Amino acid sequence: MLRIKKTSIKIAALIGIVELLAMSVLFVALNYGITKILKNHAISSMNSFARDRAQIVETYIENCCDFIDGYGKSPVVSKILQDKNNPANIQMLSELTSKYASGHNSLEGLYVAEWDTNVLCHIDQTYINKAFRQPDDAKALERKIKAEGKPFCLGIIKSPVTGKMILSVYTPVFDEKNEAIGFAGAAFFTETLSEKIAMITDDEIEYSLINASSNDYIFNKDPSLVGTNCNDFQILRTILSLKKSIGKIKSKNFRASEKIISCYYMPKRDWAFVIEDSIENVFGIVKSAQEKLIFACILITIIMVLVCAFTVDYMTFPLREIKSQIERFKANDYTHHSKIKKYCSRNDEFGTIANAVEELHSILENQHLLFSELLEAQTVGTLVTNAADTEIILINKMAIQLYGLDPAKKSTLTLEKIKSIFTQEEREKIAKVRELAKNSKEEIVFETSIIHGDGRKLNFLSHAKSARLSNGELVIIFSFIDTTAQKNLEENLLHLSETDPLTTISNRRSGENKIRDSIRKGKKGMFCLFDANKFKYVNDTFGHSVGDKVLIEIANCMKKSFRPNDILTRLGGDEFVVFEPDITDKETGKAIIENFIKNIGRISIPELNKHKISISIGAVLINDNETFEQIYKKADSLMYDCKSRGGNVYKFY
């Protein structure tokens, strides 16, 4: 199922990648188109912004011209120019001028003058009866006013009085014959115009009005620059190119550092209105649109990928069900799945696969049933584990029975539970066999044992062989039979062949072989040869049955006096041998022999009528590489030497 899931994920991922690439191409195309449109729109908006501000300037000038036109057309103005010495006319014009000026805080000056620029009335009394131009300049002004014939703006200059930038407007004054007899003039501070523009312009935007003929700032967002010369080469070059276009192109923009600058040329005034804004502000809408476009593309891609993933997942659902059924086959579960049968009726690839799975189901089910019956009918225990020794692959009824386990718990049986019935030594042996089997194709035969649940020790003859399954998995097959009865019989026969039937200690052949083997291996120790004193007298006097009892009691004293690993042997008749490994000093040997003699002295057999049993012992400490015969000969000579002394006597060589 996991593999099918991975396939579904791969298909969905592939579709997702294709969609992502498509959306990326679409995004690039849309981004290019939208960005171009929005940038053009932003630039156009900026040009419109500059044009609108320039129009405000024009409107302001027109309002100023309308203002001076209304003032110049007043009859009082015409009268004063025709009769400048009439006090009444002077008084009326003074009142009229004050009235006009009272509503305009932006006025620097409002006046009536003759052609020689002699001022007849002014809002500032100090200028009355004074000429403010030289004769040549006055004549030039007269020609200009008469040529215009209507209110007009002469331009914006720096006021010689206040030092501020002012807008100068003039209008001719006519008499009844419609002849120009003088003029009216006014000067308006450009600060008022600048404040109007500032009120409708963001703080981040920089703006200025530049006189294209002198390159001076008429006004600027930074008041300190008003009246100074503009030294921005790019702005001046752009204004010059607009002037050369002779009104065909009125606005241009360019990028300078981190700003976008738009210039709008006013050919009527020979002025240029300049707007400067940061790229971030100008193209902010572009960035916002790009972010929204990216978000929309990502969202659409995610939705499409999820839809595709869900569709692929839904379409491959039958495969997962079929895969699930195959997994159950692998787990030896052959129960029929209703959904598989439902898919069999489909007329597509899934239907074909489902029918094939159903056929395979029937074949495997029959084979599994036959295999299970054969396995359970075996009289040999069979256990199959994985090579890692962590999992039971298969176990039959006979194996569970031999292990002494509960057949009802077969389904929950673990390998650890089976291992627990073996001793540590047996587990280590089996582990070695397992490693040999894994690295060899040959069958390995070995013996092992367990402690059965009823306390009995069982011996098994086992076979181990590795096998590699079709899926590449390596398994270890163990088969075993119970050889406990045979093993016990062999052990009993061996024990009988090695044991003296009367005394139950080692007989001559077994004892000699054990001693010879120890000597051959270089084992040092104490060799004691002894027999019962006057044993023939006991047999002749009390009978052979009492003699046998004497021999049995002597053997019992040997078992009691010597260590379990000492070799106790009856050579024949009343002659015995004891070999005590690792007893290499005489003092220790004496203590052991004296304890043995003391036990011999305690033997009490009623049939002997208080006759005491005594022995004669010849002891040899084996420190050299000698043969059994050589040692025996030494001990034998010592034993006979002790016999001549009588009683319980021993002697070391």
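Atom set for the values below is all heavy atoms of this structure, side chains included, hydrogens, waters and symmetry mates excluded. Quick caveat, the model's predicted, so the values are computed rather than measured.
In this pair, Trp115 and Phe183 present their aromatic rings tilted. The plane angle is within the 30 to 60° band.
To the nearest 0.5 Å, the span separating OG1 on Thr117 from CZ on Phe132 amounts to 5.0 Å. Here the SG atom belonging to Cys65 is positioned 9.5 Å from the CD atom belonging to Glu58, to the nearest 0.5 angstrom. Taking CD1 from Ile275 and SG from Cys263, the interatomic distance works out to 9.5 Å, rounded to the nearest 0.5 Å. To the nearest 0.5 Å, the span separating CE on Met92 from OG on Ser74 amounts to 9.0 Å. Going from atom NZ of Lys99 over to atom OG of Ser94 covers 13.5 Å, rounded to the nearest 0.5 Å. A distance of 10.0 Å separates SG of Cys121 from CD of Glu95, quoted to the nearest 0.5 Å.
Annotation for Ala186 and Leu107: closest pair CB-CD2, 4.0 Å, computed over non-hydrogen atoms. Contact between Ile235 and Glu276 at its shortest, heavy atoms only, is CD1-OE2, 3.7 Å. Here the shortest heavy-atom pairing between Ala184 and Val173 reads N-CG2, 3.8 Å. Closest approach of Ala101 to Ile123, counting heavy atoms only: CB-CG2, 3.5 Å. Across all non-hydrogen atoms, the minimal contact from Gly109 to His122 is CA-CE1, 3.9 Å. The two residues Ile61 and Cys153 have their closest heavy-atom pair at CG2-CB, 3.5 Å.
Of the possible polar contacts, one joining the Ser78 side chain to the Phe174 backbone as a donor-acceptor pair under 3.5 Å is found. Judged by distance alone, with hydrogens and angles left aside, the side-chain atoms of Lys259 form no donor-acceptor pair with the main-chain N or O of Arg255 at under 3.5 Å. Put simply, the side chain of Asn386 gets close to the backbone of Asp389: a donor and an acceptor are under 3.5 Å apart. Judged by distance alone, the side chain of Ser241 and the main-chain N or O of Thr238 form a donor-acceptor pair under 3.5 Å. Judged by distance alone, with hydrogens and angles left aside, the side-chain atoms of Thr190 form a donor-acceptor pair with the main-chain N or O of Met165 at under 3.5 Å. In this structure a side-chain-to-backbone donor-acceptor pair under 3.5 Å is missing from Asn211 to Ala272. When atom types are taken as modelled, the side chain of Arg133 and the backbone of Asp137 share no donor-acceptor pair closer than 3.5 angstrom. At least one donor-acceptor pair closer than 3.5 Å links the side chain of Asn439 to the backbone N or O of Glu435. Under a 3.5 Å cut-off, the side chain of Thr97 and the backbone N or O of Leu93 do form a donor-acceptor pair. At least one donor-acceptor pair under 3.5 Å links the side chain of Thr228 to the backbone N or O of Leu225.
The shortest distance between side-chain heavy atoms of Gln234 and Ile261 does not fall below 4.5 Å. Side chains of Lys243 and Asp270 form a contact here, defined as non-hydrogen atoms less than 4.5 Å apart. When side chains are defined from C-beta on, Asn253 counts as touching Asn47, because their heavy atoms get closer than 4.5 Å. With a 4.5 Å cut-off on side-chain heavy atoms, Cys230 and Leu236 count as touching. Val119 has its side chain out of reach of Val112: every pair of non-hydrogen atoms, C-beta onward, lies at least 4.5 Å apart. Residues Lys150 and Thr171 have side chains not in contact (no heavy-atom distance under 4.5 Å, counting atoms from C-beta outward). Counting heavy atoms from C-beta outward, Thr385 and Arg434 have side chains that approach closer than 4.5 Å. Side chains of Val274 and Glu206 form no contact here, defined as non-hydrogen atoms less than 4.5 Å apart.
Using a 4.0 Å cut-off between charged nitrogen and carboxylate oxygen, Lys73 and Asp69 count as a salt-bridge pair. A salt bridge links Glu191 with Lys164: the closest approach of a Lys/Arg side-chain nitrogen to an acidic carboxylate oxygen falls below 4.0 angstrom.
Because its NZ or CZ atom is both nearer than 6.0 Å to the ring centre of Phe152 and within 45° of the ring axis, Lys144 counts as a cation-pi partner of that residue.
Just one of Val169, Ile166, Leu110 meets the side chain to side chain contact (heavy atoms under 4.5 Å, CB included) condition when paired with Phe188; it is Val169. The ring pair (Phe, Tyr, Trp, His ring centres under 6.0 Å) test with Phe67 singles out one residue from Tyr60, Tyr100, Tyr170, and that residue is Tyr100.
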Original post:
What's the verdict on side-chain contact (heavy atoms from CB on, under 4.5 Å) for Ile128 and Gln125, showing C-alpha distance, side-chain angles and the deciding distance?
Top reply: CA-CA 6 Å; Ile128 296 175; Gln125 298 295 320; 2.9 Å; yes

Subject >> Full working for side-chain contact (heavy atoms from CB on, under 4.5 Å) between Leu81 and Glu114 >> reply: CA-CA 7 Å; Leu81 286 170; Glu114 297 174 295; 4.2 Å; yes

**OP:** Go through the steps for Lys146 and Glu142 under the test salt bridge (charged side-chain N to carboxylate O under 4.0 Å, His left out), then give the verdict.
**Re:** CA-CA 6 Å; Lys146 287 179 178 180; Glu142 180 183 354; 2.7 Å; yes

**OP:** Quick one: do Ile392 and Leu413 satisfy side-chain contact (heavy atoms from CB on, under 4.5 Å)? Show the steps, please.
**Re:** CA-CA 8 Å; Ile392 297 173; Leu413 184 62; 4.0 Å; yes

**OP:** Go through the steps to decide whether Asp277 and Ile260 satisfy the test side-chain contact (heavy atoms from CB on, under 4.5 Å), and finish with yes or no.
**Re:** CA-CA 6 Å; Asp277 199 359; Ile260 299 293; 5.6 Å; no

**OP:** List the steps, then state whether side-chain hydrogen bond (donor to acceptor under 3.5 Å, both in side chains) holds for Asn229 with Asp216.
**Re:** CA-CA 4 Å; Asn229 194 255; Asp216 290 338; 3.3 Å; yes

Subject >> side-chain hydrogen bond (donor to acceptor under 3.5 Å, both in side chains) evaluation trace for Ser262 with Arg51 >> reply: CA-CA 9 Å; Ser262 180; Arg51 183 195 61 214; over 6 Å; no

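Other residues, nucleotides and ligands contribute only 12 or fewer heavy atoms inside 6.0 Å of the CD atom of Gln134.
Ring-centre distance between Phe273 and Tyr265: not below the 6.0 Å cut-off.
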